[in-house]
Every structure is written in C-alpha cells, then in structure tokens.
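What follows is a short report on a single structure.
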Amino acid sequence: RRLRGRLREPQRPRLIAIGKGVCPLCQEPLANDGKVTHIDHTQTVKALAEKVVQGELTFDEAYRQLWDESNLRAVHRKCNYARNSESAPN
C-alpha cells in the first residue's frame, strides 16, 4: 500500500461529508471504503508539476498545494481512474 494514501485515509469520511456523500464526477453515492472511494486532487500532480517547470511555483509550494485539504475530494475509484486516463497524453 502507498504510504500517502494511508496517511490520508482518516480524511476520507470528512471529504465524503463535505461533498454531501456524492461523487462530484458522476453524482452517485460514495461509501467510506478505500477500495471504492479514493481521495482525488482537484488540481492534478501534472498541472502543478507544469507550474514548477514553468517557474510559477517552487517544488515545496506545489507539494503543499497538492496535499492541501482544499485540493482534495472524495470520488469513486472508477471515476478517478477514468479522469486520470482522460488527462493522460496519447
């Protein structure tokens, strides 16, 4: 298991509650189960990495923004993977 995911696991119920128990990507109900509900970044790693490369952010600033609670949301695993595959280069 990934260490970062384990550290964020306690945030899942709070993020689900903030989203009123609904996945913002498909509008279906969420479960407090890490196998089906993931913690997603609204600003992606790729987007923040590009800002570092462009000199808009330092690595530390990008890292803090990436893991700031305002950049996190609870989504279905399948929705998260679909979103990430859509943003992946062809």
Side-chain angles (χ1 to χ4, degrees):
R1 291 180 83 159
R2 294 186 342 228
L3 179 60
R4 174 59 61 191
R6 294 187 75 160
L7 292 174
R8 298 294 174 186
E9 200 167 307
Q11 288 184 300
R12 188 181 315 106
R14 188 169 62 256
L15 293 172
I16 290 170
I18 289 169
K20 297 180 175 39
V22 175
C23 176
L25 301 177
C26 73
Q27 307 308 310
E28 295 293 324
L30 292 166
N32 185 19
D33 177 348
K35 292 181 181 178
V36 295
T37 301
H38 282 191
I39 295 175
D40 180 41
H41 300 92
T42 54
Q43 256 196 130
T44 65
V45 172
K46 179 181 176 182
L48 289 168
E50 287 174 4
K51 289 182 179 185
V52 171
V53 170
Q54 298 296 325
E56 297 173 32
L57 293 173
T58 67
F59 177 82
D60 288 343
E61 291 167 335
Y63 185 85
R64 279 194 297 278
Q65 285 184 28
L66 182 68
W67 291 106
D68 188 84
E69 190 168 292
S70 66
N71 190 48
L72 302 176
R73 62 186 177 177
V75 300
H76 290 117
R77 177 181 61 90
K78 64 183 172 82
C79 295
N80 192 27
Y81 288 153
R83 176 178 178 251
N84 288 331
S85 66
E86 287 172 7
S87 66
N90 292 333

For I16, what are the other residues in its hydrophobic cluster, where any two members join if their side-chain heavy atoms are less than 4.5 angstrom apart? L30
Once rounded to the nearest 0.5 Å, what's the spacing between atom OH of Y63 and atom CG of L57? 15.0 Å
Hydrophobic cluster membership, with links at side-chain heavy-atom distances under 4.5 Å among I/L/V/M/F/W/Y: are I18 and I39 in one? yes
Is H38 reaching over with its side chain to a backbone N or O of K78, donor-acceptor style, under 3.5 angstrom? no
Does the T37 side chain pair with the main chain of N32, one donor and one acceptor, at a distance under 3.5 Å? no
Side chain to side chain contact (heavy atoms under 4.5 Å, CB included) partners of N71, counting only residues at least two apart: H41, T42, Q43, L66
How close do P24 and A74 get, counting heavy atoms only, and between which atoms? CD-O, 3.3 Å
Of all the heavy-atom pairs spanning H76 and C26, show the shortest one and how long it is. ND1-SG, 3.3 Å
Other ILVMFWY residues reachable from V36 by side-chain steps of under 4.5 Å: none
Could you state whether W67 and L15 fall into the same hydrophobic cluster, counting links through intermediate Ile, Leu, Val, Met, Phe, Trp or Tyr residues with side-chain heavy atoms under 4.5 angstrom apart? yes
Salt bridge (charged side-chain N to carboxylate O under 4.0 Å, His left out): pairs with one or both residues in residues 56-65, sequence neighbours excluded: none
Once salt bridge (charged side-chain N to carboxylate O under 4.0 Å, His left out) is applied, what residue pairs with a partner in residues 23-43 remain, sequence neighbours excluded? D40-R73, D40-R83
Using salt bridge (charged side-chain N to carboxylate O under 4.0 Å, His left out) as the criterion, list what pairs up with R14, not counting sequence neighbours. E69
